[in-house]
Amino acid sequence: MNFMHALNAAWQDRNSLLCVGLDPDPARFPAHLRGQPDAIFTFCKAIVDATADLVCSFKPQIAYFAAQRAEEQLQALIAHIHSAHPTIPVILDAKRGDIGSTAEQYAIEAFERFKADALTVNPYMGRDSIEPYLAYGDKGIILLCRTSNPGGSDLQFLDVGGEKLYERLARLVSGDWNQSGQCALVVGATFPGEIARVRELTGNMPLLVPGIGAQGGDIEATVRAGCTATGDGLLINSSRAILYAGNGEDFANAARRVAVDTRDAINACRHPA
Ligand SMILES: O=c1ccn([C@@H]2O[C@H](COP(=O)(O)O)[C@@H](O)[C@H]2O)c(=O)[nH]1
């Protein structure tokens, strides 16, 4: 699968900008799943199957799997998405970043071991640190630009010669770093003003936007700030608000209901009456 082609097709075919984040926390699982072997896989698979027709992508966050020694369940989950929902791209959220020789290993982990279609990467070690990921020409490389957490301003807002660091990063990535067309950026929904600025600086580059739902970001402000002229360009992520919408045996249906509402709330702003 070519990530950018698959993403464009998913935006159109599913009429959705929603990315469901898969952040499985066993302490929040419904009682009937707790303590079961492979509970993480079972939980995430149920969410995936209940929401697959509503999303443009899934985003498993690797920390939730690694913390539980559940990397094999992550591998099985991504294999399940590829097999049962083959048109939906999978973004592995790992925020990797290191010198080139180590980045090569991270790229092997993400793209050969886990078979993700895209990976989140921390770009602050510079261009050479992202080249090993770019070597996988059909994969998406999604670079942190303006993160959703309040402390993101500590560094990303520093003035670097008349512009803010996140603005410099957006210009660099959309220009020189993106010659192969594989790059996208992370910009938090908690900062719609910066979404608008990044959109201005990057043309139609896809923006992964976490921060609606549990973090309180505003859907309407996000969509208005970040949609391209064709009404897409955004992967708006929600994790906890969807995953833990219910905590009974019908948790997947509860998740689906919130995912439908979220997708529809996004679409209502994309296509104003
Ligand atoms: O700036 C960022 C970058 C990544 N994230 C990740 O997105 C999800 C958000 O989860 P919610 O439950 O919807 O708040 C999570 O995996 C983060 O690691 C982010 O929030 N902000």
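When a ligand or atom number is given, it counts from 1 through the structure's own listing order. No hydrogens, no waters, no symmetry mates; every other heavy atom, side chains included, goes into these values. Everything quoted here is computed from the prediction, not taken from an experiment.
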Give the intermediate values and the outcome of side-chain hydrogen bond (donor to acceptor under 3.5 Å, both in side chains) for residues Gln12 and Asn15. CA-CA 5 Å; Gln12 285 187 9; Asn15 190 31; over 6 Å; no
Minimum-distance protein heavy atom relative to atom 6 (C) of ligand 1: Asp93 OD2, 3.6 Å
Within-cut-off N or O pair, Ser239 and ligand 1, under 3.5 Å: yes
Ligand 1 atoms in contact with Lys59 (distance to a heavy atom under 4.0 Å): 6 (C), 7 (O), 8 (C), 15 (C), 16 (O)
Look at atom 12 (O) of ligand 1 and find which of Arg146, Lys95, Gln156, Arg240 reaches it with the closest heavy atom. Arg240
Find all atoms of ligand 1 within a distance of less than 4.0 Å from any non-hydrogen atom belonging to Ser148, and give their numbers and elements. 1 (O), 2 (C), 19 (C), 20 (O), 21 (N)
Electrostatic pair Arg171-Glu167, nearest N-O below 4.0 angstrom: no
For Thr147, atoms of ligand 1 separated by under 4.0 Å from a heavy atom: 1 (O)
Under 4.0 Å between a Lys/Arg side-chain N and an Asp/Glu carboxylate O for Arg256 and Asp53? yes
Under 3.5 Å donor-acceptor pairs involving side-chain atoms of residues 27-39, not counting sequence neighbours:
from, atom 1, to, atom 2, distance (Å)
Arg34, NE, Phe29, O, 2.9
Arg34, NH2, Phe29, O, 2.8
Gln36, NE2, His32, O, 3.1

Is the ring centre of Phe65 less than 6.0 Å from the ring centre of Phe41? no
Show the numbers, then the answer: is there a side-chain hydrogen bond (donor to acceptor under 3.5 Å, both in side chains) between Asp49 and His85? CA-CA 8 Å; Asp49 292 341; His85 312 288; 2.8 Å; yes
Note: Asp23, heavy atoms under 4.0 Å from ligand 1, region reported as side chain
Arg257 and Asp261 ion-paired at < 4.0 Å: no
Taking only heavy atoms of Gln61 into account, list the atoms of ligand 1 that are under 4.0 Å away from them. 16 (O), 18 (O)
Taking distance alone, with N or O pairs closer than 3.5 Å, would you say Gln215 contacts ligand 1? yes
